[in-house]
Amino acid sequence: MCTTAAREFKVGDHFGWPVPDPTDTSFYTHWAERNRFQVGDSLVFEYENDSVLSVEEWDYFHCDASNPITAFDNGKSILNLDSPGAFYFISGTAHHCSRGQKLLVEVMSPQHHPVPESPPPSLLAPQGISPLPMSPSPEAFSPVASSPYDSIEEDSASIMLSSSAVMAPFATFLVVLLLAL
C-alpha cells in the first residue's frame with residue numbers, strides 16, 4: 001500500500017477567495033481542475049469581509065446559502081477533505097456565488113498499489129505452448145479510406161470476425177484441456 005503525505009491547498013493560489021473577475025467566472029473551477037485532491041488533504045480559504053460555506057450539491061448549483069453544512073467567516077478557514085467524493089463550497093455573501101465565487105472539489109479515493117503476485121500455476125500456460133491471442137476488435141477491420149474495394153474488405157472483415165467468434169470458444173476449450181493435462 002502506498003501512502004501519500006497530506007497536502008494543504010490554498011484555494012485560488014495567490015488570488016485567494018474573492019469574487020472572480022466578471023470575465024473569468026470559472027476561475028475556481030479551473031483552479032480545482034489543475035489540482036488533484038486526496039483524502040487527508042486540506043483546503044485553506046483566505047479572504048476579507050466574506051465567508052466560506054460548505055454546502056450540499058443542490059445548494060451549490062443554486063447558490064443557496066440558507067442551509068450550510070458548515071460556515072466560516074474568520075478570514076482564514078482550513079477545511080479537511082476527510083472522505084472521497086465531491087465537496088461543495090460557496091461564498092456566504094449575497095450575490096458572490098452567482099458571480100462565480102464557488103468551488104467544487106473532487107476528492108479521489110485512496111490509492112492502493114498491491115505488490116503484484118505471479119498468477120497461480122493453474123493459470124500459466126504449459127511449457128512450450130504459447131497462449132492464444134485474443135480476438136481482434138472490430139475496429140481493426142474498419143476501412144481507412146474509401147475505395148471500390150471497400151465492400152470487399154468489409155465482407156472479408158465480417159467473415160474473419162465471424163470465424164473469430166466461432167473459434168474463440170473452441171480455442172478456450174483447447175487451452176483448458178491442455179492445462180488440465
Seminar exercise, completed: Shortest non-hydrogen pair, Thr70 vs Phe72, comes out as OG1-CE1, 3.5 Å

Problem set entry | Shortest non-hydrogen contact between Leu103 and Ala32, atoms and distance | CD1-CB, 3.8 Å

For this session: Measure across Ala86 and Leu104 and return the closest heavy-atom pair with its distance rounded to 0.1 Å.
Result: CB-CD1, 3.9 Å

For this session: Decide whether a cation-pi geometry holds between Lys102 and Tyr28; the criteria are a distance under 6.0 Å from NZ or CZ to the six-membered ring centre and an angle within 45° of the ring axis.
Result: no

Exercise. Rounded to the nearest 0.5 Å, how far apart are OG of Ser54 and CD1 of Ile69?
Worked result: 4.0 Å

Problem set entry | Sequence-distant partners of Phe61, ring-ring contact (aromatic ring centres under 6.0 Å, His included), two or more places apart | none

Problem set entry | Exercise: do Trp31 and Asp13 side chains pair donor with acceptor under 3.5 Å | yes

For this session: Please round to the nearest 0.5 Å and tell me the distance separating atom CZ of Arg34 and atom OG1 of Thr29.
Result: 10.5 Å

Exercise. Quick check: does any side chain N or O of Asn80 sit under 3.5 Å from a backbone N or O of Asp82, one acting as donor and the other as acceptor?
Worked result: no

Problem set entry | Side chains of His30 and Asp24 in contact at under 4.5 Å (non-hydrogen atoms) | yes

Exercise. Could you state the interatomic distance from CD (Glu48) to NZ (Lys76), rounded to the nearest 0.5 Å?
Worked result: 13.0 Å

Exercise. To the nearest 0.5 Å, what is the distance between CD (Glu46) and NZ (Lys10)?
Worked result: 4.0 Å

Problem set entry | Validation row: Thr25, Arg99 side chains within 4.5 angstrom (heavy atoms) | no

Exercise. Considering only heavy atoms from C-beta outward, does the side chain of Leu81 approach that of Val39 to under 4.5 Å?
Worked result: no

For this session: Could you list the residues that satisfy ring-ring contact (aromatic ring centres under 6.0 Å, His included) with Phe45, not counting sequence neighbours?
Result: Trp17, Phe89

Exercise. Do you reckon Val11 sits in the same ILVMFWY cluster as Val107, going by side-chain contacts under 4.5 Å, direct or chained?
Worked result: yes

For this session: Treat each ILVMFWY residue as a node, draw an edge where side-chain heavy atoms are under 4.5 Å apart, and state whether Leu79 and Phe15 are in one component.
Result: yes

Exercise. Asp41 and Arg7: which non-hydrogen atoms are nearest, and at how many Å?
Worked result: OD1-N, 2.7 Å

For this session: Might you point out which heavy atoms bring Ala65 and Leu53 nearest each other, and give the distance in Å?
Result: CB-CD1, 3.4 Å

Exercise. If every non-hydrogen atom of His96 is compared with every non-hydrogen atom of Asp50, which pair is closest and at what distance?
Worked result: ND1-OD2, 3.1 Å

Exercise. When rounded to the nearest 0.5 angstrom, what distance separates CD in Glu106 from CD in Glu33?
Worked result: 10.5 Å

Exercise. Do Tyr47 and Ser91 have side-chain atoms, one donor and one acceptor, less than 3.5 Å apart?
Worked result: no

Exercise. Is Phe9 linked to Val52 within one hydrophobic cluster, defined over Ile, Leu, Val, Met, Phe, Trp and Tyr using a side-chain heavy-atom separation of less than 4.5 Å?
Worked result: yes

Exercise. From Ile78 CD1 over to Leu43 CG, what is the distance, rounded to the nearest 0.5 angstrom?
Worked result: 10.0 Å

